[in-house]
Novice: 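One structure, as structure tokens, below. Some questions next.
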Amino acid sequence: MELLYCKGVGGRDLRCVQREGVSVMSGDDASRRVHDGRWVVSRAWVMELTGASAATVNRWYVQRERHPEERRFPEVVCTVNRTHYYDQEAVEAFWVAWQEDVGTGRLGVAGRRPGDGRGNQGGGTGRAQRDRAVAISLAELRQAGGYRRGMAAQLAREHGGGERAWQRAMTEARALYDQEQAQEPEPVPQAAR
């Protein structure tokens, strides 16, 4: 058995033990090994290299047949203890081609920008629908002279959509309605003039 020191992801020194064509590295649950004379890497190593989530790396592997060969995620080279390993050079070539074609450096969570399609937290159609529902709820509150139980359910039946969504819109509209009422000057009684 031969003891080697090799560079891991990020330049860290890792202790490697070489035996029967496979070098096993200590630390990092052996995210990088030598198999049949070439370096192979695990999904964890790919995630660290690319910044992609486990789900994204899995999607690249599962959907690889949908992409042209130059942008295709590599095939599994070996499996050790239920961990798949891919040829490191093939992974690096895939990542360079992917960056050139898709135009990204490191990915965020699952490749999405923060805020995409997250309703209140980032815009999208959810916020426009909520604003419309709040405006309808506020008009209903003004017409009725304040809140009464069951208004959200009635609006859900009249305008469609989920009752819970209308309850949230009604809660927002009630806050606006209460602000309006607090800003209006109280009428002065006739006798006090």
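For this chain, numbers begin at 1 and follow the sequence in order.
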Novice: With a 4.5 Å heavy-atom cut-off, do Ser31 and Val41 have their side chains touching?
Specialist: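 They are not in side-chain contact.
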Novice: Once rounded to the nearest 0.5 Å, what's the spacing between atom OG of Ser42 and atom CZ of Arg32?
Specialist: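 Separation between the atoms: 11.0 Å.
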Novice: What's the separation between atom CG in Asn58 and atom NE2 in His84, rounded to the nearest 0.5 Å?
Specialist: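 Between Asn58 CG and His84 NE2, I get 9.0 Å after rounding to 0.5 Å.
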Novice: State, yes or no, whether a side-chain contact exists between Arg174 and Leu141 at a heavy-atom distance under 4.5 Å.
Specialist: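 The answer is yes, as the side chains (C-beta and beyond) meet within the 4.5 Å cut-off.
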Novice: Out of Phe94, Trp95, Phe73, which residue meets the side chain to side chain contact (heavy atoms under 4.5 Å, CB included) rule with Val46?
Specialist: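 Of Phe94, Trp95, Phe73, side chain to side chain contact (heavy atoms under 4.5 Å, CB included) with Val46 is met by Phe73 alone.
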Novice: Salt bridge (charged side-chain N to carboxylate O under 4.0 Å, His left out) with Arg72: which residues, sequence neighbours excluded?
Specialist: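 Salt bridge (charged side-chain N to carboxylate O under 4.0 Å, His left out) check on Arg72 returns Glu65.
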Novice: Can you list every salt bridge (charged side-chain N to carboxylate O under 4.0 Å, His left out) pair that touches residues 151-171, not counting sequence neighbours?
Specialist: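 Residue pairs with at least one partner in residues 151-171: there are none.
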Novice: Taking salt bridge (charged side-chain N to carboxylate O under 4.0 Å, His left out) as the definition, give me every residue that meets it alongside Glu180, ordered by chain and number, with sequence neighbours left out.
Specialist: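 With sequence neighbours excluded, Glu180 shows a salt bridge (charged side-chain N to carboxylate O under 4.0 Å, His left out) to Arg142, given in chain and number order.
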Novice: What pairs with Ala135 under side chain to side chain contact (heavy atoms under 4.5 Å, CB included), at least two apart in sequence or on another chain?
Specialist: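 Expected list: none.
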Novice: Can you name the side chain to side chain contact (heavy atoms under 4.5 Å, CB included) partners of Ala144, sequence neighbours left out?
Specialist: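 Listed in chain order: Arg148, Met151.
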Novice: Which atom names give the shortest non-hydrogen contact between Ala173 and Ser137, and what distance separates them?
Specialist: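 Scanning both residues, the minimum pair turns out to be CB-CB, 3.6 Å.
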Novice: Hey, does the side chain of Thr79 reach the backbone of Arg82 with a donor-acceptor pair shorter than 3.5 angstrom?
Specialist: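 No; zero donor-acceptor contacts below 3.5 Å.
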Novice: Could you tell me which non-hydrogen atom of Val77 sits nearest to which non-hydrogen atom of Tyr86, and how far apart they are?
Specialist: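 Looks like CG2-C, 4.0 Å.
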Novice: Can you list everything that forms a side chain to side chain donor-acceptor pair (under 3.5 Å) with Tyr61? Sequence neighbours excluded, please.
Specialist: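 Per chain and number, Tyr61 pairs via side chain to side chain donor-acceptor pair (under 3.5 Å) with Glu75.
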Novice: Donor-acceptor pair, distance only, cut-off 3.5 Å: does the side chain of Thr56 make one with the backbone of Ala52?
Specialist: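 It does not hold such a pair.
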Novice: State which residues pass side chain to side chain donor-acceptor pair (under 3.5 Å) with Asp131; sequence neighbours excluded, sorted by chain then number.
Specialist: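 With neighbours one apart ignored, the set is Arg127.
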Novice: Report yes if the side chains of Arg71 and Arg64 come closer than 4.5 Å at any heavy-atom pair, otherwise no.
Specialist: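 Not touching, per the 4.5 Å side-chain cut-off.
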Novice: Listed by chain and number, what are the salt bridge (charged side-chain N to carboxylate O under 4.0 Å, His left out) partners of Arg38, not counting sequence neighbours?
Specialist: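 Salt bridge (charged side-chain N to carboxylate O under 4.0 Å, His left out) list for Arg38, sorted by chain: Asp87.
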Novice: Is the shortest heavy-atom distance from the side chain of Glu89 to the side chain of Trp39 under 4.5 Å?
Specialist: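 No, every pair of side-chain atoms sits at 4.5 Å or beyond.
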Novice: Sequence neighbours excluded, which residues qualify as side chain to side chain donor-acceptor pair (under 3.5 Å) partners of His159?
Specialist: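 With sequence neighbours excluded, His159 shows a side chain to side chain donor-acceptor pair (under 3.5 Å) to no residue whatsoever.
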Novice: Taking only residues two or more places apart in sequence, or in another chain, which ones meet Gln63 in a side chain to side chain donor-acceptor pair (under 3.5 Å)?
Specialist: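 With neighbours one apart ignored, the set is empty.
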Novice: For the atom pair OG1 (Thr83) and CZ (Arg33), what is the distance rounded to the nearest 0.5 Å?
Specialist: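 One finds 7.5 Å between OG1 of Thr83 and CZ of Arg33.
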Novice: For a quick test of reading the model, state the closest non-hydrogen atom pair linking Cys78 to Val76 and the distance between them.
Specialist: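 Taking every non-hydrogen atom into account, O-CG1, 3.4 Å.
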Novice: With sequence neighbours excluded, tell me which residues meet side chain to side chain contact (heavy atoms under 4.5 Å, CB included) with Ala152.
Specialist: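 Counting only residues at least two positions away or on another chain, Ala152 forms a side chain to side chain contact (heavy atoms under 4.5 Å, CB included) with Trp166, Gln167, Met170.
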Novice: Which pairs count as ring pair (Phe, Tyr, Trp, His ring centres under 6.0 Å) when at least one residue sits in residues 134-157, sequence neighbours excluded?
Specialist: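 As it turns out, there is no ring pair (Phe, Tyr, Trp, His ring centres under 6.0 Å) pair with a partner in residues 134-157 once direct neighbours are skipped.
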Novice: With side chains defined as the heavy atoms from C-beta onward, is the minimum distance between Val91 and Leu49 less than 4.5 Å?
Specialist: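 Yes, side chains in contact.
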Novice: Please assess Leu155 against Ile136 for the test side-chain contact (heavy atoms from CB on, under 4.5 Å), listing each intermediate value before the final yes or no.
Specialist: CA-CA 8 Å; Leu155 291 173; Ile136 292 170; 4.0 Å; yes
